There are 2 protein chains.
Amino acid sequence: MTDEAIGKYLSIARRAHASLLDKQLAEADISHGQILLLATLYQEDGICQQTLCQMYNLNKAAVGRGLNKLSKIGFITKEIDPEDKRKKLIYLTSKARDFEAEFREILEASEEKLRSGLSEEEIATFLTVIKKICSNLGANVENQEG
Amino acid sequence: MTDEAIGKYLSIARRAHASLLDKQLAEADISHGQILLLATLYQEDGICQQTLCQMYNLNKAAVGRGLNKLSKIGFITKEIDPEDKRKKLIYLTSKARDFEAEFREILEASEEKLRSGLSEEEIATFLTVIKKICSNLGANVENQEG
DNA sequence: TGAATATAGTTGATAAGTCAACTATCTCTT
DNA sequence: AAGAGATAGTTGACTTATCAACTATATTCA
């Protein structure tokens, strides 16, 4: 089990973080599965689902269902790409835009909590290592800024 | 989103790792949800479910269901603790014992894959940081050896 | 002793993710 | 142009996990 340590802590840390996010976003009717999607759309909307899959190494079914939840709370619309009718382009609604500042605050607060007591150097190494782990596992995460 | 980096990579790495483990353990009818439980029982069985909850900050329903799966494939039995009839003590079967060596090999191989290309020092820092993150998140992971 | 409370485990509802099968559209090759 | 194969998205079945409600047993304390 000593040998299993990295996998073990990935599991524990991920669950704990997801729980925290769920609590902090419960009022907004958002849960952790929608966070990466929404955060990405705040940076750039009008993208298609496949793009989101690639950015996070997420299954297309997971992306489709996550977006459906955002759609149900009126945060996004899907429009068929006129240039390729297989694709659906995802656009944020004004309701989503109104939530952006609050969303950022919540995310920043949770990231602060995660990082508390850690030095800049430790965090930098951690990020380098976890990216390498992702790539070792075949999760070719799109590098949108480092 | 730069600020969200740690949470993002925790999610990506954990999913990728779980997928890998599922593939490697599929033949044995085991999936990633049973790994921490089984690995712990190989170290020490005759413990109760609550102990497993505490070690991994896992919900008791999750532990109960994970153990039910191990029970279905004939890997464990549950016996009521004669000293406290609320508790059920979990024991490995001989079928589980027969699988131990193979299980260890699979786990070690997956951990090797995770770690490839990383220095001892990077891994040490990574483990220190992720443990700190767990504790920042309130996941008070029991320290069974470091 | 007996009532209130705490603890161990189970069950039901729900969320998030995987895989595989499916539809629809597009592209490539001949 | 037509058919084969690739790509985008949806749906169904399944796994892991959460929370809340429940049962059963233990403990505490009045």
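What you are looking at is a predicted structure, and each value in this text was computed from that prediction instead of being measured. Below, chains carry the letters A, B, ... as their sequence lines are ordered, and counting in each starts from 1.
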Original post:
Backbone N or O of Asn57(B) within a donor-acceptor pair of the Arg15(A) side chain at under 3.5 Å?
Top reply: yes
Using a heavy-atom cut-off of under 4.0 Å over every strand shown, decide if [X] touches base, sugar-phosphate, or nothing.
X	answer
Asn59(A)	base
Cys53(A)	nothing
Gln34(B)	sugar-phosphate
Lys60(A)	base
Ala61(B)	base
Arg15(A)	sugar-phosphate

**OP:** Group every Ile, Leu, Val, Met, Phe, Trp and Tyr by side-chain heavy-atom contacts under 4.5 Å, then state whether Leu21(A) and Phe103(A) land in the same group.
**Re:** yes
**OP:** Is it possible for you to say whether Leu41(B) and Leu89(B) belong to one hydrophobic cluster, with membership spreading through side-chain heavy-atom contacts below 4.5 Å?
**Re:** no
Original post:
Hey, does Phe75(A) have a side-chain heavy atom less than 4.5 Å from the side chain of Leu38(A)?
Top reply: yes
Original post:
Can you check whether Lys69(B) has a side-chain N or O nearer than 4.0 Å to OP1 or OP2 of dT16(D)?
Top reply: yes
Original post:
What about Arg14(A), does its side chain sit under 3.5 Å from the base of dT16(D) through a donor-acceptor pair?
Top reply: no
Original post:
Nucleotide range of DNA chain C contacted by chain A, 5' to 3', under 4.0 Å to a heavy atom?
Top reply: dA15(C) to dC26(C)
